[in-house]
Chemist: 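Below is the structure I would like to discuss, written out as structure tokens.
Below, read A as the first sequence line, B as the second, and so on, with proteins coming before strands; counting in each chain starts at 1. All heavy atoms count here, side chains included; hydrogens, waters and symmetry mates do not.
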Amino acid sequence: MTNAPSVQTVNPARPRKRRSSGDRPWTFYVLASLFALYVLALYGPMISIYILSFQDVRGGLVFPMRGFSFYWFNELVMQTRAGDVAGAFKRSICLAALVTVITVVFSFMAGMAFRRRFRGDTIVFYMMIGSLVAPGLVLGIGIGLGFQMLGIPTNWYTSALGAQLSWTLPFGILVMFAVMSRLNGNWEEAARDLGATPAQTTRLVVLPILAPGLVAVALFGFTLSYDEFARTLQTAGSQNTLPLEIWSMTLNVTSPVLYALGTVSTIVSFVIIGISLGMIVLLQRRIAARKSGNQ
Amino acid sequence: MESRVSKGKGDIELAGVAKSYDERTYAVDGINLKIPDGAYCCLLGPSGCGKSTILRMIAGHEDPTVGEILIGGEDVVGLDPVARRTAMMFQSYALFPHLSVRDNVAFSLRVKGMSKAERDRRTEEMMEKVQILEFADRIPSQLSGGQQQRVALARAAITEPRVLLLDEPLSALDEHLRLKMRAELSRMQRALGITFIHVTHTQLEAIALADMVVVMDKGVIRQAGSAREIYAAPKDRYVAEFIGGQNVISGRVRGLGASGARLEGSAFPSVDIPIHAGRRLEDGQSIDIAIRRDEINLLRPGQAGLPGGTTGVEGAIVGVEYQGNFVKVLMNAAGEDEFVAYVPERRFFEDDFHVGDRVFAAWQVEHAHLLV
């Protein structure tokens with residue numbers, strides 16, 4: 001009697017059961033319809049606004065749709081009833097660009113600093129989180145009051161910039177932490193070993209490796225600033241940013257010009273996101289180009 | 001900068017080197033070591049023994065707390081890696097992930113500000129030498145482990161170092177590739193003709209590659225010498241057990257005579273031990289002896305008399321492992337939890353032993369090696 005293991009072959013005559021993709025459990029249908037409702041609730045109102053912005057002069061704030069034209073977009077630019085939309089838009093873009101640049105630069109530097117422990121690093125970190133969780137409206141009022149006490153006029157490019165940075169910087173740094181975890185200290189040491197100066201190491205090794213992450217931080221900075229309301233409300237001074245302009249319009253404008261503004265600002269957001277994604281794709285293309293060997 | 005670059009040879013001397021990170025405990029302490037120019041030296045020890053710290057101090061990525069590091073006869077403490085003319089191959093290689101193989105190799109020439117034409121020529125030459133020219137335009141993530149190692153080697157070697165420092169260079173590779181790249185490292189070292197210092201925790205790797213093996217433990221050097229010396233004549237129990245291939249037994253010296261002595265253990269009656277000139281023994285002194293596992297002969301107890309000049313201990317077999325060309329027999333003997341004999345495969349199966357059998361492990365008296 002040997003107890004050597006024997007190899008069993010599969011019986012070819014045995015029918016194999018095919019699992020068809022059709023027999024899904026009932027929970028699938030419940031969850032799928034829940035998801036469909038969620039998507040509808042998320043995008044339905046926005047899409048309604050975009051559609052209603054294309055009405056003609058008889059248009060109202062609710063369905064049914066009355067005619068089709070670009071009348072309200074024209075109205076938006078003409079500033080007859082809508083206030084200084086074009087100016088507010090320009091200010092918002094400038095402010096967002098300013099916030100983006102500052103956020104990227106400081107987040108990068110702070111991310112590098114936090115890779116090593118330094119005296120008081122925990123306190124700095126908690127203060128940063130603190131400004132993230134503090135109610136934006138209160139923070140905005142505080143900054144507004146502070147400027148008033150000091151006798152400095154509030155303005156979108158001074159007080160509002162600072163108020164927005166209190167929100168975008170901690171966010172950017174948190175994103176940077178995640179990005180930095182990919183940065184292995186060995187790369188910098190290898191660069192040093194090969195004779196690179198610290199500046200060369202940053203330029204030739206650290207920044208290129210972190211580039212996609214920095215684009216993500218920039219995207220965050222821009223979008224957070226572009227639609228920031230609570231912190232900007234009490235700090236923007238006499239000239240409105242776009243979100244403030246929209247808000248004031250909801251109080252005194254009752255025409256589809258409001259919807260036209262919604263449509264335009266959405267398009268701008270999508271363009272910005274498109275540019276950012278395009279940049280990330282471009283960075284990856286450059287690597288891909290090397291892969292295929294046509295350098 | 002250029003004027004500070006050393007022109008000397010690649011012999012290394014560490015004199016009284018110690019390193020402490022917290023001013024209280026020492027990662028390495030009292031390191032004195034001379035490595036001749038052009039040697040292949042392996043620093044061998046378990047993780048955390050300080051071998052990487054020594055490597056990083058020679059490389060210039062750490063400074064010793066006390067002591068001197070001399071390369072080519074001059075103190076290099078405080079100099080940059082480039083000025084020392086050392087180059088390091090990092091564990092898992094640290095190739096720049098965003099640069100092609102070509103740009104990785106050319107990196108040191110680029111930061112030096114060399115003209116593009118000259119740079120390209122030198123890079124091409126180096127890539128040809130280590131046979132990576134065919135994937136020059138790939139990025140590191142598209143390379144196999146062995147290819148990455150060659151790129152790392154090329155990137156380090158292009159700086160024309162006099163010392164190449166390798167931090168666990170083979171640990172990222174699978175078993176098969178490790179043997180292949182091991183041979184390649186040895187070939188490259190001979191081709192470049194420079195000093196290699198290789199940190200590893202694998203005994204076989206060190207023995208196979210090194211002209212000089214340095215066995216370390218808890219921040220101190222236990223023994224430094226040729227691979228054969230370390231393997232055949234370990235200095236103490238730690239080295240013998242770490243290098244492996246040895247059985248170590250402890251006991252007290254008895255019956256000291258002109259031609260020999262006996263070693264009496266608590267778990268075995270006594271074995272004969274040889275006496276060497278230059279090694280003073282005293283009666284009652286407790287010592288360890290090492291016997292190579294492949295020099296042990298397994299006999300059935302109660303067999304007619306031991307052959308002349310042999311001695312041994314009795315024990316029970318607790319395990320038999322077939323290894324292909326030999327059989328590893330694990331015994332419970334001489335009070336050691338691991339007493340092992342490597343028996344040639346053919347001889348083992350002439351009269352095979354089974355787990356639970358009583359066995360007499362015999363060896364030639366003069367084959368026993370006296371430890372400290």
Chemist: Asp193(A) versus Phe90(B): any side-chain heavy-atom pair under 4.5 Å?
Modeler: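 A side-chain contact under 4.5 Å exists here.
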Chemist: Kindly check if the number of other-residue, nucleotide or ligand heavy atoms within 6.0 Å of OH (Tyr157(A)) is above 12?
Modeler: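 Atom OH in Tyr157(A) is not packed in, count stays at 12 or less.
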Chemist: Among Lys112(B), Arg155(B), Met88(B), Arg110(B), whose side chain to side chain contact (heavy atoms under 4.5 Å, CB included) with Leu194(A) holds?
Modeler: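 The side chain to side chain contact (heavy atoms under 4.5 Å, CB included) with Leu194(A) is passed solely by Arg155(B) among Lys112(B), Arg155(B), Met88(B), Arg110(B).
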Chemist: What are the two closest non-hydrogen atoms of Val82(B) and Gly195(A), and how far apart are they?
Modeler: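 Closest heavy-atom pair between Val82(B) and Gly195(A): CG2-CA, 3.0 Å.
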Chemist: What do the steps show when you test Arg192(A) against Asp80(B) for side chain to side chain contact (heavy atoms under 4.5 Å, CB included), and what is the final call?
Modeler: CA-CA 8 Å; Arg192(A) 185 176 116 82; Asp80(B) 281 340; 3.6 Å; yes
Chemist: Assess whether atom CE of Met112(A) is packed by more than 12 heavy atoms of other residues, nucleotides or ligands within 6.0 Å.
Modeler: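 Enclosed: over 12 neighbouring heavy atoms sit under 6.0 Å from CE of Met112(A).
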Chemist: Quick check: are there more than 12 heavy atoms from other residues, nucleotides or ligands sitting under 6.0 Å from CD1 of Ile123(A)?
Modeler: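 Result for CD1/Ile123(A): open.
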Chemist: Identify which part of Ala191(A) has an atom lying under 4.5 Å from any heavy atom of chain B, answering side chain, backbone, both or neither.
Modeler: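 Contact with chain B involves both backbone and side-chain atoms of Ala191(A).
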Chemist: So with a 6.0 Å cut-off around CD of Glu23(B), is the heavy-atom count from everything else above 12?
Modeler: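 Atom CD in Glu23(B) is not packed in, count stays at 12 or less.
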Chemist: So which heavy atom on Phe107(B) is nearest to which on Ala196(A), and how close?
Modeler: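 Reported closest heavy-atom pair: CE2-CB, 3.9 Å.
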Chemist: Can you check whether anything in residues 197-210 of chain A gets within less than 4.5 Å of chain B, heavy-atom wise, and list it by number?
Modeler: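 Answer by number: Gln200(A), Leu204(A), Val205(A), Pro208(A), Ile209(A).
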Chemist: Can you list the residues that meet the ring-ring contact (aromatic ring centres under 6.0 Å, His included) rule with Phe229(A), with sequence neighbours excluded?
Modeler: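 Phe229(A): ring-ring contact (aromatic ring centres under 6.0 Å, His included) contacts with Trp247(A).
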Chemist: Which bit of Ile158(B) is near chain A, if near means a heavy-atom gap under 4.5 Å: side chain, backbone, both or neither?
Modeler: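 Contact with chain A is absent: no heavy atom of Ile158(B) under 4.5 Å.
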Chemist: May I ask you to check whether over 12 heavy atoms, not counting those of Met109(A), lie within 6.0 Å of atom CE?
Modeler: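 Atom CE in Met109(A) is crowded, with more than 12 foreign heavy atoms closer than 6.0 Å.
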Chemist: Do you know the tightest heavy-atom contact between Phe96(B) and Trp187(A)?
Modeler: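 Answer, listing the atom of Phe96(B) first, then Trp187(A): CE2-O, 3.4 Å.
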Chemist: Quick check: are there more than 12 heavy atoms from other residues, nucleotides or ligands sitting under 6.0 Å from CD of Glu345(B)?
Modeler: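 Yes - once you tally the heavy atoms of other residues, nucleotides and ligands closer than 6.0 Å, there are more than 12.
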Chemist: In this structure, are over 12 heavy atoms from other groups packed under 6.0 Å from Phe106(A) atom CZ?
Modeler: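 Atom CZ in Phe106(A) is not crowded, with 12 or fewer foreign heavy atoms closer than 6.0 Å.
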Chemist: Take a 6.0 Å sphere around CZ of Phe118(A) and say whether it holds more than 12 heavy atoms from other residues, nucleotides or ligands.
Modeler: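 Enclosed: over 12 neighbouring heavy atoms sit under 6.0 Å from CZ of Phe118(A).
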